[in-house]
Every structure is written in structure tokens, then in C-alpha cells.
There are 2 protein chains.
Amino acid sequence: MAAPTRRERLRKAAVAEIKDGARRLLVTGGVDAISLRAIARDMGMTAPAIYRYFPSLEALVAALAGDLYDELRLLLETARDDAGAEPVDQLLTMSRAFRAWSVAHPAEFGLIFGAPTPGRNALVDGCVDPGHPGSRFGAVFIQPILDLWRRSPFRTPPPELLRQRLGGRLEPLRLSHGELPVEVAYAFLSGWTRLYGLVAMEVFHQFDWAVTEAEELFELELEMLTAQLLADPPNQAPLGAKG
Amino acid sequence: MAAPTRRERLRKAAVAEIKDGARRLLVTGGVDAISLRAIARDMGMTAPAIYRYFPSLEALVAALAGDLYDELRLLLETARDDAGAEPVDQLLTMSRAFRAWSVAHPAEFGLIFGAPTPGRNALVDGCVDPGHPGSRFGAVFIQPILDLWRRSPFRTPPPELLRQRLGGRLEPLRLSHGELPVEVAYAFLSGWTRLYGLVAMEVFHQFDWAVTEAEELFELELEMLTAQLLADPPNQAPLGAKG
DNA sequence: AATTTCAGTGAACGCCGTTAACTATCGCAA
DNA sequence: TTGCGATAGTTAACGGCGTTCACTGAAATT
């Protein structure tokens, strides 16, 4: 697969230009501002031409969303690689990079992490296969947690409780990441949910009525999160164990 | 202010019918399916007539969002009142009611808790005033936490750390809820963020690639959350205190 | 050189929000 | 009771949208 034909090159360039236009509209006017006619206009084309490259507006937006997932994942991987070998440092750096990207790109964040809509659900549909962007994205956070766990297990709810509550429900996770210790799966789910909650609240302006600035709260919660990942299990029962 | 005139009655009924139509479209087709023409069609009217009641589609959607906020708040208040006098029970019941409503009404959840968009931001704009729906909504969760704290302070990060990190940034919260102990403010922000994260992840299908069913994870996290609100402060320094 | 493939066009259909000009009715005051 | 202003509704129109269809012209293949 050496030489792409001339057609293939042009086609690839056109696809990229269309996506670029879509993203520009996304950034300046939100998802609803993405329109085939506007994109085509910017390219000096007519709208129906875009149907040579994407079967519908929805498909174009879905492709854009996939790209954004990968862009963010690559950003986090770079952040991780810059953070050295210590898993906690990796998680801290990745979390900060995640927040920074999200705050700097609210429209993009909303597209991939916001509410799916009829007409914008192409990504959540084929969602169980391991190649799904969301899955590859999750892996970036799972690995450091797993490293950490292997070095020295941290404080979690008692594993029998975890197995009972989560055991049968982690098939999708297993499918893409193999057999994780249930404590690691829990730590990831819990931690990623908190991280997501913090960032989504900020980006979606859910903090506005309570807090003038969310960064310090974010840092504070980050400390609490990582502290939990470093806390030794006292004997076995941590915070709340009622069985 | 006893007798509403006949005109006022009719007007109120029309406004309600318009909102009902808007909500029906929201539920069946998502936010983008809300259209003045469709609403009018369902009412046996023409679209411009709606401008007698709402200045724009955006204003109508904002009004609907406000109603949904209140509907959810009333639901939570009822749940709280049914839960008895114990604040922890109140919080548990309210949290479960919040999740249940959100899962049963994903479109509505997305409208009030999802990404604001140019053309759908009327609610986040006038957001600092204490009468804002988000603020009244938050109050429902704050009260039980405050009750709990007054009865017996729970485990939090050290207050000097909280004051240093959050102290100057809680004016909006103070504006609507008076002087809260910073530990209570933190417990609310942290807890509400985790609750929001859990529910938003589920409703927005962000769990699909990892977990088959989110209820047990929700219950598990709820236990961890409330356990934290019941944990006595050992001496003073809890999870992670680095200063 | 002939033919197939492919990118792009123009016209059209049926949606949409919004505005403007206009009509009929309702409710109130002289 | 008559008249009049406020109010609720209409039709027509503008520009924008996604999408389809029939068509053209150029590029690639044979």
C-alpha cells in the first residue's frame, strides 16, 4: 500500500477540508451551526457535493466526533509520556490535560461527552466493540491505575462487595481490556466518573451559581482522588462496608 | 389578586398547551425536534401565533427548561419529605429519585444538565441571581448536609485547606444560601459533582463501553458518599492533607 | 480511443424561524 | 349601546436548512 493514487489524495484532502469546516462551525456556533451548505459555501462548492464524501450530515458529525475523541486521547497520551514513570504523576498530568482541553474546547467537549440526540447518536450506537473511541479513551486512564495497583494495592471497598455489585456487569470492560482486578475496575469507574463530573459541571456551566472559578475545586478534588489511590488498605475495610 | 380575567385564563392555558407540545416533541425527538411550526400544527394553529406568547423559540425552550428544573426540584422535595427526619436518609432518597427521574427522562435531563449551546443558553446567562432554578435546586441538597454537619461534623479535608482553596470563590453560593461552613460547602460541591457525574455518565451513555448496567455502580457510590458524610473526623486530617 | 468512474452542479421538495401586514374578536369605557 | 384599543389569530413572504434527482464534464481505466 505504497502509492495513493491521485484521486485518493484529492479525496482525502477534500474529506479533511470538510471536517475542518465542520469543526470551525462547531467552534464558532455550536453543533447546530454545522451545516452542509455553510461548509460547502466556505469551500466554494455546493452542498450536494458533500454527499460524495459523507452520506449525511449526521455521519459527518459522527466522523468529526470520532476525530475529536482521538485528538483528545493523543493529547492525554502525550501528557502521560511527559509525566515520567510514576503512575500517580501520570494520572495527575492526564487529568489536568483533560480539564484544560475541555475548558478550552467546550463545543468539542459537548459533542463527544454531552447528551446524544436523535440525529447525533451514531457514536453511541456501535458502542460495545473494543475499537470504539470511548473504549480506547478509557484505556489511557486504566493503565496507570493498573500499574499502581500492581505495585501496591490501594484502598477500595472490600473486594467481595465489589465482586457482588459489579462482578457481572463489567463484560464490556473485560471485552476491551481483559481481566482487570475488580478493585482496579472500580477505581477507574469511580475516578473517571468524578473527573468527568467535575469537568462537565464546569464546561456546562453547572457551577456558575455556586462558584466563581472551578480550577481550585478541581485541584482539590484531584488531590482527594489521588490520595485515595495512594492510601494503604488499613486492614481491609475502608470507608463504608456494610455488606 | 383573586379573580384572573377570562383573557388571563385563556392565555395561561395557551402557554401551558404550547409548553406541553414542546415537551412532547422534546421527548419524542430531542431538543432539535422542538419547532414552533410543529407545536402550532399540533394545536391547530399557525406558527406565528406562538409569538404572542413567546418572543422566540429559544425563549420557549428556556421557559420549558425552567419548568423542568422546578418539576425535578419538587420531586426531590417530595422524596425528601417522604424520607423522614434523618438527613442521611433524605440524601439517599433524593439521590435515588434524582437518578430515577434522569434515567426516565433523558431528553429533559439533557436539556437542563447538558451542554448549553449558542441559541440555548438563556438559562445560564442570568445565572448569578439567587432565584435561578439551579440555585433553588442546589438548596434541596444543601439543607440535609447542613443538618448533618450541625448534628455532628463529618470527615472533610482540613478546613484551613478548604478556606485557602475555596474561600474566596464561594460568593455565588453565599449570595443564595448565606454563610455556610466551608466544610459544608465543600461536601455539597463534591457530593453533588459526584452525583451529577454518575447520572450524566449513565444518561449520556458514557458507561456503555464499560458497564452493562449502571444502577449497582450508582448504589455503590452512594454508599461510599454517605459513608463519608457519616465518618467522624479522626483527629483532623483525613484522606489527603498536604497543606 | 472508448468507456467507465467519479466530483460537482442546478433545480426542486419540504422542512424550519421569523417578520410584516392584516383581520376579527374580546373587553372595557364613554 | 356604541365605539375603540388591546389582543389573538391569519396569510404571505424571506432566507436558511438537509436531501434527492437528473445532469455535465473531467479523470482514470481498458
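All chains are named by letter (A, B, ...) in the order of the sequence lines, taking the proteins before the strands, and each is independently numbered beginning at 1.
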(message) Just to be sure I understand the geometry, which residues of residues 21-36 of chain A put a non-hydrogen atom under 4.0 Å away from DNA chain D?
(response)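 Close to the strand are I34(A), S35(A), L36(A).
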
(message) Strictly below 4.0 Å: does R41(B) bring a side-chain N or O up to OP1 or OP2 of dC16(C)?
(response) yes

(request) Determine: side-chain N/O of R11(A) to OP1/OP2 of dA7(C), distance under 4.0 Å, yes or no. (result)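 The answer is yes; a side-chain N or O of R11(A) sits under 4.0 Å from OP1 or OP2.
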
Output the rounded distance in Å from [atom1] ([X]) to [atom2] ([N]).
X	N	atom1	atom2	value
M43(A)	dG8(C)	CE	P	7 Å
L57(A)	dC15(C)	CG	P	19 Å
L60(A)	dC17(D)	CG	P	14 Å
R9(B)	dC26(C)	CZ	P	13 Å
I39(A)	dG18(D)	CD1	P	8 Å
R6(A)	dA28(D)	CZ	C1'	10 Å
E8(B)	dA8(D)	CD	C1'	15 Å
R37(A)	dG8(C)	CZ	P	17 Å

(message) If you assign each of L10(B) and P55(B) to its closest nucleotide in DNA chain C, which residue comes earlier from the 5' end?
(response) P55(B)

(message) Are the side chains of L173(B) and I142(B) in contact, using a 4.5 Å heavy-atom criterion?
(response) yes

(message) Measuring only between side-chain heavy atoms, which start at C-beta, is F188(A) closer than 4.5 Å to L146(A)?
(response)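 F188(A) does not reach L146(A) side chain to side chain.
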
Pairs under 3.5 angstrom only: tabulate donor-acceptor contacts from the side chains of residues 98-107 of chain A to other protein residues two or more places apart or in another chain.
residue: R99(A); atom: NE; partner: E202(A); partner atom: OE1; Å: 2.9
residue: R99(A); atom: NH2; partner: E202(A); partner atom: OE2; Å: 3.0
residue: W101(A); atom: NE1; partner: E71(A); partner atom: OE2; Å: 3.1
residue: S102(A); atom: OG; partner: F98(A); partner atom: O; Å: 2.7
residue: H105(A); atom: ND1; partner: W101(A); partner atom: O; Å: 2.9

Contacts table for residues 214-221 of chain B: side-chain donor-acceptor under 3.5 angstrom, sequence neighbours left out:
residue: E219(B); atom: OE1; partner: R96(B); partner atom: NE; Å: 3.2
residue: E219(B); atom: OE1; partner: R96(B); partner atom: NH2; Å: 2.9
residue: E219(B); atom: OE2; partner: R96(B); partner atom: NE; Å: 2.8
residue: E221(B); atom: OE1; partner: Y186(A); partner atom: OH; Å: 2.4
residue: E221(B); atom: OE2; partner: S190(A); partner atom: OG; Å: 2.9
residue: E221(B); atom: OE2; partner: R194(B); partner atom: NH2; Å: 3.3

(request) Taking all heavy atoms of P172(A) and all of T212(B), pick out the closest pair and write down the distance. (result)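 Residues P172(A) and T212(B), closest heavy atoms: CD-CG2, 3.5 Å.
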
(message) Main chain of I112(B), side chain of Q206(A): is a donor-acceptor contact present, judged purely on distance under 3.5 Å?
(response) yes

(message) I'd like to know if R7(A) reaches the base of dA28(D) with its side chain, counting only an N/O donor and acceptor under 3.5 Å.
(response) no

(request) Give the ring-plane orientation class for F109(B) versus F113(B), where under 30° counts as parallel, over 60° as perpendicular and anything between as tilted. (result)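 F109(B) and F113(B): tilted rings.
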
(message) For residues 24-47 of chain B, which residue pairs pass the side chain to side chain donor-acceptor pair (under 3.5 Å) check, not counting sequence neighbours?
(response) none

(message) According to side-chain contact (heavy atoms from CB on, under 4.5 Å), who are the partners of A79(B), at least two apart in sequence or on a separate chain?
(response) T93(B), A97(B)

(request) Could you identify which residues of residues 45-54 of chain A place a heavy atom less than 4.0 Å from some atom of DNA chain C, listed by residue number, or say none? (result)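 Result for residues 45-54 of chain A: M45(A), T46(A), P48(A), A49(A), R52(A), Y53(A), sorted by number.
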
